[in-house]
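See below for the structure under consideration.
Side-chain atoms are counted along with the backbone in the values below, which use heavy atoms only and exclude waters and symmetry mates. Quantities reported herein were computed from a predicted structural model and do not represent experimental measurements.
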Amino acid sequence: QVQLVESGGGLVQAGGSLRLSCAASGRTFSSYRMGWFRQAQGKEREFVAVISTSGAITRYADSVKGRFTISRDNAKNTVYLQMNNLKPEDTAVYYCAGDVKVGTNYPNYWGKGALVTVAS
């Protein structure tokens, strides 16, 4: 069992930046693909980014490509999401995802979420 705890959410002006962190419990973190998803009010949860076990390979949703960067520190059991040039449409609850499956991009583990609000 893996527990994921997000931090770093908050309110930011459009064009600003935030960095989300996700701390994972357990000794198997380095063996899991990790990711971020988000869910805006009234919308379905959607894929944002995923990172390979070593951190060498990353994938992004088209809507965030070039603005968001996912990274990980296996020594700290932590995955990050650096969000730059934020837009009001990025407002959502952001969820850390653990053991993200290849192909489906669906994870086995979810964090409880961190709210990001981008003011126009």
Side-chain angles (χ1 to χ4, degrees):
Q1 187 74 5
V2 174
Q3 292 188 339
L4 305 173
V5 179
E6 301 95 339
S7 61
L11 173 65
V12 64
Q13 294 292 317
S17 298
L18 278 177
R19 188 176 81 157
L20 300 179
S21 300
C22 172
S25 66
R27 294 178 288 180
T28 55
F29 175 81
S30 61
S31 67
Y32 291 147
R33 297 173 83 225
M34 299 295 295
W36 290 93
F37 289 68
R38 67 185 182 186
Q39 186 168 17
Q41 194 168 8
K43 296 187 177 181
E44 293 187 353
R45 193 172 299 190
E46 64 176 4
F47 167 79
V48 174
V50 66
I51 188 166
S52 63
T53 53
S54 68
I57 300 172
T58 57
R59 296 284 186 269
Y60 298 92
D62 288 343
S63 58
V64 306
K65 203 172 293 183
R67 300 187 298 122
F68 290 12
T69 303
I70 188 171
S71 62
R72 67 190 296 162
D73 185 336
N74 286 343
K76 295 182 178 180
N77 278 16
T78 302
V79 62
Y80 304 97
L81 186 68
Q82 176 67 44
M83 303 182 291
N84 297 329
N85 190 22
L86 282 159
K87 305 175 181 180
E89 52 263 42
D90 294 318
T91 294
V93 177
Y94 284 72
Y95 295 92
C96 180
D99 193 17
V100 179
K101 299 306 181 185
V102 175
T104 66
N105 271 346
Y106 199 81
N108 277 335
Y109 305 105
W110 291 104
K112 292 185 177 181
L115 178 62
V116 172
T117 304
V118 184
S120 58

With heavy-atom distances below 4.5 Å as the criterion, would you say the side chains of Asn105 and Arg33 are in contact? yes
Looking only at heavy atoms, the pair that brings Ser31 and Thr28 closest together is OG-O, 2.7 Å
Which pairs with one or both residues in residues 89-120 pass disulfide bond (SG atoms under 2.5 Å apart), sequence neighbours excluded? Cys22-Cys96
When you look at CD of Gln3, are more than 12 heavy atoms from neighbouring residues, nucleotides or ligands closer to it than 6.0 Å? no
Apart from Leu4 itself, what residues make up its hydrophobic cluster when side-chain heavy atoms of I, L, V, M, F, W and Y under 4.5 Å apart count as a link, directly or indirectly? Val2, Val12, Leu18, Leu20, Phe29, Tyr32, Met34, Trp36, Val48, Ile51, Tyr60, Val64, Phe68, Ile70, Val79, Leu81, Met83, Leu86, Tyr94, Tyr109, Val116, Val118
Just how far is it from atom NZ of Lys43 to atom CZ of Arg45, taken to the nearest 0.5 Å? 15.5 Å
If you look only at pairs with a residue in residues 12-25, which of them pass as a side-chain hydrogen bond (donor to acceptor under 3.5 Å, both in side chains), with sequence neighbours excluded? Ser17-Asn84
Roughly how far, to the nearest 0.5 Å, is OH of Tyr80 from CG of Asp73? 5.0 Å
Once side chain to side chain donor-acceptor pair (under 3.5 Å) is applied, do any residues pair with Lys101, and if so which ones, sequence neighbours excluded? Asp99
Sequence neighbours excluded, which residues qualify as side chain to side chain donor-acceptor pair (under 3.5 Å) partners of Asn74? Arg72
Atom of Gly98, atom of Pro107 and distance for their closest heavy-atom approach: O-CB, 3.3 Å
Could I get the full list of side chain to side chain donor-acceptor pair (under 3.5 Å) partners for Asp90, not counting sequence neighbours? Arg38, Arg67
State which residues pass side-chain contact (heavy atoms from CB on, under 4.5 Å) with Ser54; sequence neighbours excluded, sorted by chain then number. Ser52, Ala56
Nearest heavy atoms of Ala92 and Ala40, plus distance in Å: CB-N, 3.8 Å
Can you name the residues that form a side-chain contact (heavy atoms from CB on, under 4.5 Å) with Glu89, not counting sequence neighbours? Lys87
Does any pair with a residue in residues 52-63 pass salt bridge (charged side-chain N to carboxylate O under 4.0 Å, His left out), and if so which ones, sequence neighbours excluded? Asp62-Lys65
Can you list the other members of the hydrophobic cluster that holds Tyr106, where links are side-chain heavy atoms under 4.5 angstrom apart? Phe37, Phe47, Val50, Val93, Tyr95, Val100, Trp110, Leu115
Disulfide bond (SG atoms under 2.5 Å apart) pairs touching residues 33-69, sequence neighbours excluded, are none
